[in-house]
Amino acid sequence: MKNVMLSSSGSLKLQPPTYGKLITILSIDGGGIRGIIPATILEYLESQLQELDGEDARLADYFDIIAGTSTGGLVTAMLTAPNKDKRPIFAAKDIKPFYLEHGPKIFPQKGMLFFESIMKTLKSLIGPKYNGKYLHQVIKEKLGETHLHETLTNVVIPTFDIKNLQPTIFSTFEAREKPLMDAKLSDICISTSAAPTYLPAHYFKTQDRDDNFHEFNLVDGGVAANNPALVATSQVTKQIMAGNPDFFPIKPIDYGRFLVISVGTGSAKVEQKYNAKIASKWGILGWLLNGGSTPIVDVFTQASGDMVDFHISVVFQALHSEENYLRIQDDTLSGTDSSVDISTKENMNKLVEIGTNLLKKPVSRVNLQTGLFEECKKKDTNEETLKRFAKLLSEEKRLRDSKSPHTSKTSE
């Protein structure tokens with residue numbers, strides 16, 4: 001039987017972890033047009049929640065935090081920004097069509113002829129590959145004047161401030177306490193998507209009621225945390241240490257209570273792109289531009305993503321809680337599949353296929369000895385595991401609803 005879990009206010013808002021057993025986190029990597037891959041994965045997860053709890057169920061109804069970097073930050077905002085009825089402006093099934101419709105205009109693939117390709121390469125030496133105008137336009141159109149504190153669940157979106165040379169983490173938790181961090185979601189998404197060499201850096205400022213200003217000079221969050229799962233868990237730890245009653249009586253090191261789903265955007269297979277023999281001859285231009293790609297960007301985004309996965313895997317395995325951590329990633333991409341900006345119809349359809357096939361693949365975890373992503377011995381597929389996680393999320397939500405004084409009784 002499907003559960004109808006409406007609160008007394010008529011919303012599906014998730015009650016705080018203090019009324020449940022788990023702290024639930026969804027994390028979405030950066031990766032440009034490869035955001036199609038997690039969009040496909042998340043559509044399946046939401047469909048499983050709808051099987052359990054009805055067609056109105058949305059991902060924002062089940063996760064304490066949804067974190068996203070770059071293209072993952074945009075997906076995060078789409079899943080959590082409210083419409084006029086205080087429901088997400090996008091269902092998970094709407095995100096893939098969004099990429100298929102707008103991707104070719106965000107990353108226009110003009111200049112396929114040799115001469116035009118050369119001119120495009122030369123232009124990228126003195127400015128970003130894309131002007132970002134269409135991306136900015138569509139983000140502002142979809143997110144409007146929505147501010148960070150208005151999201152339907154807590155969100156965490158990393159960016160990097162190039163003026164101060166330090167990460168700037170936009171968090172719903174901090175937005176409620178620090179008005180100058182309560183930026184528009186559109187500005188945050190434009191900033192976290194501003195990948196160096198691909199899209200222009202973004203400047204904006206915020207103002208509080210006392211006319212204090214804060215200026216932001218931001219680029220892609222992938223510079224700091226392309227996989228934002230660790231940033232999300234750190235935000236929870238900060239809230240626990242600060243005595244946030246939503247997390248009472250959870251302890252700061254109680255990672256055994258975390259349930260984390262981390263979805264990647266794919267990466268090139270081992271030894272596919274570069275090797276030391278070739279890279280040893282590169283100068284500045286070689287690291288910035290090689291074979292139509294940007295090696296330095298590929299390196300730091302891939303490195304940060306893998307280090308986060310390695311760290312979380314160590315913690316969860318040490319606590320014998322590895323069944324509560326799911327990392328879905330395909331590290332066998334090749335050619336245009338691994339590009340962040342090839343938005344041809346052929347390549348985007350291939351990314352949809354990759355996401356669909358990834359659901360059928362066995363769950364993989366990082367090998368703590370080799371650092372490589374390897375299939376688990378149990379051979380459960382990502383699809384089967386997401387179905388199990390959906391059941392856990394549904395049960396956790398019902399438990400919180402039953403214990404919270406702020407919700408009406410669950411009906412079936």
Side-chain angles (χ1 to χ4, degrees), residues 28-41 69-72 96 99-100 103-104 106-109 111-112 114 117 120-121 124 129-130 195 197-198 220 222 226-227 262-282 286-310 327-367 370-376 381-383:
I28 310 161
D29 284 15
I33 197 64
R34 297 201 313 267
I36 290 172
I37 296 174
T40 305
I41 303 297
T69 297
S70 192
T71 196
K96 185 169 62 181
Y99 276 88
L100 296 176
I106 295 170
F107 303 116
Q109 299 299 297
M112 301 307 290
F114 177 76
S117 178
K120 190 173 185 179
T121 300
S124 68
K129 194 172 182 180
Y130 305 99
T197 75
Y198 287 96
D220 189 349
N226 200 55
N227 175 348
S262 175
V263 188
T265 57
S267 63
K269 62 184 178 182
V270 177
E271 299 180 356
Q272 171 64 31
K273 277 199 168 186
Y274 318 114
N275 61 59
K277 185 177 292 186
I278 296 173
S280 64
K281 301 174 184 178
W282 290 346
W287 279 102
L288 289 178
L289 194 66
N290 197 284
S293 185
T294 311
I296 193 67
V297 175
D298 290 343
V299 168
F300 67 62
T301 55
Q302 190 60 45
S304 69
D306 286 348
M307 286 299 292
V308 167
D309 182 34
F310 187 85
R327 172 68 170 167
I328 300 181
Q329 173 74 313
D330 189 330
D331 60 355
T332 64
L333 305 188
S334 62
T336 57
D337 299 349
S338 62
S339 170
V340 300
D341 65 331
I342 301 300
S343 59
T344 60
K345 183 176 181 181
E346 179 183 11
N347 191 54
M348 290 192 298
N349 287 337
K350 182 65 181 299
L351 292 172
V352 172
E353 182 182 341
I354 289 170
T356 302
N357 291 339
L358 189 53
L359 286 168
K360 305 294 183 183
K361 290 185 177 181
V363 170
S364 296
R365 291 198 185 101
V366 64
N367 183 312
T370 67
L372 298 177
F373 213 49
E374 298 177 351
E375 293 181 3
C376 296
T381 65
N382 289 315
E383 190 174 65

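Given the structure is predicted, the values throughout are model-derived calculations rather than measurements.
To the nearest 0.5 Å, atom CG of residue L359 and atom CD1 of residue I41 are 4.0 Å apart. Note: N347 CG to D337 CG = 5.5 Å, rounded to the nearest 0.5 Å. With rounding to the nearest 0.5 angstrom, the OG1 atom of T336 is 6.5 Å from the CD1 atom of I342. Remark: T197 OG1 to D341 CG distance equals 9.0 Å, nearest 0.5 Å.
Residues T344 and N349 form no side-chain contact, since every pair of their non-hydrogen atoms from C-beta on lies 4.5 Å or further apart. Considering only heavy atoms from C-beta on, V340 stays 4.5 Å or farther from I33 through its side chain. I106 places none of its side-chain heavy atoms less than 4.5 Å from the side chain of Y130.
Exactly one residue among T381, T40, I328 makes a side chain to side chain contact (heavy atoms under 4.5 Å, CB included) with L358. That residue is I328.
By the side chain to side chain donor-acceptor pair (under 3.5 Å) test, K345 is found to be paired with no residue, residues two or more places apart in sequence or in another chain being considered. Under the side chain to side chain contact (heavy atoms under 4.5 Å, CB included) criterion, T265 pairs with D29, R34, P38, T71, sequence neighbours left out. Partners of P362 by side chain to side chain contact (heavy atoms under 4.5 Å, CB included), not counting sequence neighbours, listed by chain and number: E375. Looking at residues two or more places apart in sequence or on another chain, you find no salt bridge (charged side-chain N to carboxylate O under 4.0 Å, His left out) involving E353. Here D330 pairs with T332, K361 under the side chain to side chain donor-acceptor pair (under 3.5 Å) rule; sequence neighbours left out. Residues forming a side chain to side chain donor-acceptor pair (under 3.5 Å) with T356 (at least two apart in sequence, or on another chain): none. Remark: S262 engages R327 in a side chain to side chain donor-acceptor pair (under 3.5 Å) (not counting sequence neighbours).
Listed here is the closest heavy atom pair of M348 and P104: CE-CG, 3.6 Å. Residues G266 and Q329 approach most closely at N-OE1, 2.7 Å, considering heavy atoms. Across every non-hydrogen atom of S338 and G335, the tightest pair is OG-O, 2.9 Å. Closest approach of G264 to I37, counting heavy atoms only: O-CG2, 4.1 Å.
Not one N or O on the side chain of S70 forms a donor-acceptor pair closer than 3.5 Å with the backbone of G222.
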